Number of protein chains: 2
Amino acid sequence: MATIDDVARAAGVSTSTVSYVLSGKRPISAPTRQRVERSIRDLGYRPHAGARALASSRTQVLALMAPLRADVNVNVIMQFVTGVVTSARAFEHDVLLLTQDDATGLERVADGSMVDALIMMDVEADDPRVPVLVGLRQPAVLIGLPQEPAGLSCVDLDFEAAGRVAVRHLAELGHRDVALIGSPRAVLERHTSYADRMLRGFTLEAVALGLTSTVQSCESSHSGAVEAVDAVLARMPGVTGVVVHNEVALPAVVATLRERGRRVPEDVSVVAVCPHDVAVGQPTPLTAVDIPAHTIGRVAVEMAMARVEGEQPAETRLLAPVLTARGTTAPAPAGQGQLNP
Amino acid sequence: MATIDDVARAAGVSTSTVSYVLSGKRPISAPTRQRVERSIRDLGYRPHAGARALASSRTQVLALMAPLRADVNVNVIMQFVTGVVTSARAFEHDVLLLTQDDATGLERVADGSMVDALIMMDVEADDPRVPVLVGLRQPAVLIGLPQEPAGLSCVDLDFEAAGRVAVRHLAELGHRDVALIGSPRAVLERHTSYADRMLRGFTLEAVALGLTSTVQSCESSHSGAVEAVDAVLARMPGVTGVVVHNEVALPAVVATLRERGRRVPEDVSVVAVCPHDVAVGQPTPLTAVDIPAHTIGRVAVEMAMARVEGEQPAETRLLAPVLTARGTTAPAPAGQGQLNP
DNA sequence: TTGAAAGCGCTAACAT
DNA sequence: ATGTTAGCGCTTTCAA
C-alpha cells in the first residue's frame with residue numbers, strides 16, 4: 001500500500017501538504033492541490049486508519065450496541081441500525097457493532113480507543129451500563145431514556161406522549177373501555193425504557209380522561225397474541241378500544257379479535273404503535289402512532305457527532321408522536337360509551 | 001489513558017516486556033509476569049487499538065457487509081449477524097458493519113487497513129463485488145456461492161440439496177404435483193445465490209423423480225403470500241405439496257391455503273425452508289429444512305480467521321440440509337397421486 | 001530471560 | 001503557501 005510519503009514524493013511536495021490537502025485544515029494553492037490529488041488517485045492511496053487514529057485521536061468509528069436477541073422486535077431494531085449506519089457515513093464514520101450480551105464491549109472499544117463515540121439501544125430504567133458509559137472518555141448517546149441520564153445524551157420517540165395520543169384518539173371516538181396490549185413480560189420486567197413510558201402515558205391519559213383501562217403484556221408470537229387478546233376479553237368484555245405496542249403480535253392480535261367475533265373497527269378499534277411500514281403493510285392498514293426508527297437512529301448519530309466535535313452539553317430529545325388514522329379505528333359502537341360512565 | 005510505557009515504569013521493566021506479557025510471544029518469568037499484570041490492572045491499561053494496528057498490521061476487526069434492506073428477511077439476516085459477531089469475539093475480533101448500499105465500503109475499510117478480513121452476505125450469482133474482494137489484501141469470505149468464486153472462500157447451506165431434500169420428502173409421501181413458493185421477484189431477478197440454488201435443486205429433483213412442478217415468486221408480505229398461493233392454485237389446481245422458501249410469507253401462505261379450502265396437511269403438505277425457531281414458532285409447527293444461520297455465520301468467521309492466521313487456500317463449505325418432519329406434511333390424498341402419472 | 005531502539009504512517013505544531 | 005519534524009503508542013528485531 002502506498003503511504004502518504006509516497007504521495008508526497010510523487011507530487012513533489014512535503015507530507016504535511018498532502019495531509020492538509022486531505023484534511024482541508026489549511027489553504028493549499030490550486031496547482032499544488034491538483035498535483036497532490038492526481039498522485040493520490042494514481043497511487044490509489046488511502047490513509048492508514050490506525051496511523052491516523054494514533055496521530056489524531058480520531059478513529060472515524062462509532063460503536064453501536066444493539067439488542068440482537070429474540071424477544072425484542074428484530075424489524076424495528078434493524079431500522080434503528082440502518083438509520084445509524086447510514087447517517088454515520090454522512091459524517092465519514094463507520095459503525096462497530098456490539099451486542100447486548102457482550103457486557104464489557106463498551107469499555108473494551110472505548111478504552112482501547114477504537115471509537116469516537118458510542119450509541120446504545122434498548123436502555124432500561126435502571127440500566128447498569130449507564131454508569132459505565134458515564135465513566136468513558138468518549139461521548140455516548142442513549143436511544144431510550146433511563147431514570148437517571150447522568151449527563152448522557154438521550155433520544156427516543158416520546159413514548160409517554162405516544163401512549164397519551166393513542167388513548168386520546170380512542171376517547172375522541174367515544175371509547176370508554178380501553179386496553180393496552182404491550183411488550184413481552186420479560187421486556188416489561190426489566191423496565192425497558194420504551195415499554196415503561198408507553199405504559200405510563202397510556203394509563204395516565206386514561207385516568208385523566210376518565211376511561212376504564214387495563215394493561216396486558218404480550219409475548220411476541222402468534223400464540224402470545226391469542227393469549228393476550230383472550231386475557232383482555234376475559235377481564236374487560238366490554239372493551240372497544242385496543243392499543244397494541246408489539247409489532248410481531250400485531251397481525252395476530254387483529255386476527256384473533258375477529259376470530260372472537262369482534263369486528264375491527266366496527267366493534268373494536270385498534271391503534272398500533274409501530275413503524276410506518278409495518279402499519280401500512282398489514283392486511284388491513286392500521287391506525288397507528290409511528291415509531292420513526294430511522295429518524296431516531298439518525299438523530300442519535302447527529303447528537304453523538306456534535307459532542308465529538310464541539311463541547312456541547314448533553315441533551316435529551318424526545319420526538320413528538322404522530323398518529324395517523326387508517327382503517328382500524330372508528331366511533332365506539334352506539335350505546336357502549338354510556339355503559340361505563 | 002495509561003500507555004504501555006506507564007505500565008513498564010510501574011512494573012520496573014521495559015516496554016517490550018510488557019508487550020510480550022500481553023502477546024505471549026516470548027517466555028516471561030513468573031515474577032516479572034505477575035508484576036506486569038498487577039501494574040496493568042492497577043493502571044487500568046488497555047492497548048491503543050490504532051497504535052497496535054500500526055505496529056502489527058492487525059486490527060482485530062472484521063468487516064461484515066449485510067443486506068439491511070426490506071426485501072430480504074430481516075430475521076434470518078439478524079441470525080447471521082449475531083452468529084458472526086458472537087464468534088468474532090471468540091477470536092478477539094470486533095465487527096464493523098457495512099450495508100449493502102454502501103458500494104465502496106469494502107474497499108474503503110480494506111484499503112484503509114481498518115479490518116483483518118471481510119465477510120459478505122447476500123451474494124449474487126454474478127456479483128460485482130466479488131472481483132472487488134478478490135483485489136483486496138485481506139481475505140474475504142462469502143456467505144453464498146457466486147458463479148465464479150475466483151479464489152474466495154464460500155460458506156452456505158447447500159440450498160440445492162435443500163431443494164432436493166424437500167421435494168424428495170414430498171415424493172416419498174406420494175405427492176406428484178408440487179410447487180415452490182420462493183423469494184420475491186426482485187431477489188430472483190438479481191440471481192441471489194441462495195434463491196437460484198434453491199430453485200435449481202427443487203426443479204431438478206422434481207424432474208428426476210418424475211413429478212409435475214411449478215415455481216412461483218412471492219413478495220414478502222401478507223398480500224404477496226395470498227397472491228402467490230392463488231397463482232399456484234390457478235396454475236396447478238391439483239397441487240398437494242408446497243415448498244415455501246420465504247420466512248415472512250410463511251404464516252400467510254399456510255393461512256391462505258386453508259382459506260382456499262385446502263386443509264394442511266390433509267389436502268396439501270407444506271415444507272418450509274427457514275430457521276428452526278421460525279418453523280416451530282408458527283401456529284402449526286412446520287415440517288422444515290433448517291437454515292442454520294447462526295452456524296453459517298460462525299463458520300464464516302472461522303474460515304476468515306484461518307486465512308488471516310495461516311496461508312490456507314480458499315475453500316467452499318456447503319452445509320448439508322436437515323429436514324425435520326413436523327405437523328405440516330402427510331401422505332398425499334388417496335388417488336391424487338395417480339391422476340397425474 | 002530481558003532491554004534498547006527502530007520503525008509503523010500519520011497529524012499538527014513550529015518554521016519559513 | 002509550504003516544509004520540517006517531533007511525537008502518537010505500540011511491536012519486533014537486534015543485542016545482551
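In what follows, chains carry the letters A, B, and so on, assigned in the order in which the sequence lines appear, proteins first and then strands, with residues in each chain numbered from 1. Since the model is a prediction, treat every value here as computed from it, not as a measurement.
Using a 4.0 Å heavy-atom criterion, one finds that B:G112 contacts no nucleic acid atom at all.
When only modelled atom types and interatomic distance are considered, B:S14 and B:T17 share a side-chain donor-acceptor pair under 3.5 Å.
Atom NE2 in A:H48 sits roughly 15 Å away from atom P in D:dC10 (whole-Å rounding). Straight-line distance from the CZ atom of B:R9 to the C1' atom of C:dG3: 15 Å, rounded to whole Å. Put simply, OH on A:Y45 is 10 Å from C1' on C:dT11, counting in whole angstrom units. As a whole-Å value, the separation of B:R137 CZ from C:dG9 C1' is 12 Å. As rounded to whole Å, 9 Å separates atom C1' of D:dG7 from atom CG of A:L54. Between the CD1 atom of A:I4 and the P atom of C:dG7 there is a distance of 19 Å, given to the nearest Å. Per the geometry, CZ belonging to B:R33 stands 10 Å off P belonging to C:dT1, to the nearest Å. Here the P atom of nucleotide D:dG9 and the CZ atom of A:R52 are 18 Å apart, to the nearest Å.
Dashed line: the shortest gap from a side-chain N or O of B:S56 to OP1 or OP2 of D:dC10 is not under 4.0 Å. For the pair B:S16 and D:dT13, the criterion of a side-chain N or O lying under 4.0 Å from OP1 or OP2 is not met. At C:dG3, one or more side-chain N or O atoms of B:S14 fall inside 4.0 Å of OP1 or OP2 (strictly under the cut-off). In terms of phosphate contacts, B:T32 brings a side-chain nitrogen or oxygen within less than 4.0 Å of OP1 or OP2 of C:dT2. Considering only side-chain N and O atoms, A:T17 lies nowhere under 4.0 angstrom from the phosphate OP1 or OP2 of D:dT2.
Here the CG atom belonging to A:D116 is positioned 14.0 Å from the CZ atom belonging to A:R307, to the nearest 0.5 angstrom. We find the CD1-CG distance between B:I119 and B:L98 to be 11.5 Å, quoted to the nearest 0.5 Å. A distance of 10.5 Å separates CG of B:D6 from CE of B:M1, quoted to the nearest 0.5 Å. The OG atom of A:S87 sits 7.0 Å away from the NE2 atom of A:H294 when rounded to the nearest 0.5 Å.
Exactly one residue among B:D122, B:D196, B:D127 makes a salt bridge (Lys or Arg N to Asp or Glu O under 4.0 Å) with B:R190. That residue is B:D122.
Using a 4.0 Å cut-off on heavy atoms, the residues of residues 20-29 of chain B that approach DNA chain D are B:Y20, B:K25, B:R26, listed by number.
Within 6.0 Å of the CG atom in A:D126, the count of heavy atoms belonging to other residues, nucleotides or ligands does not exceed 12.
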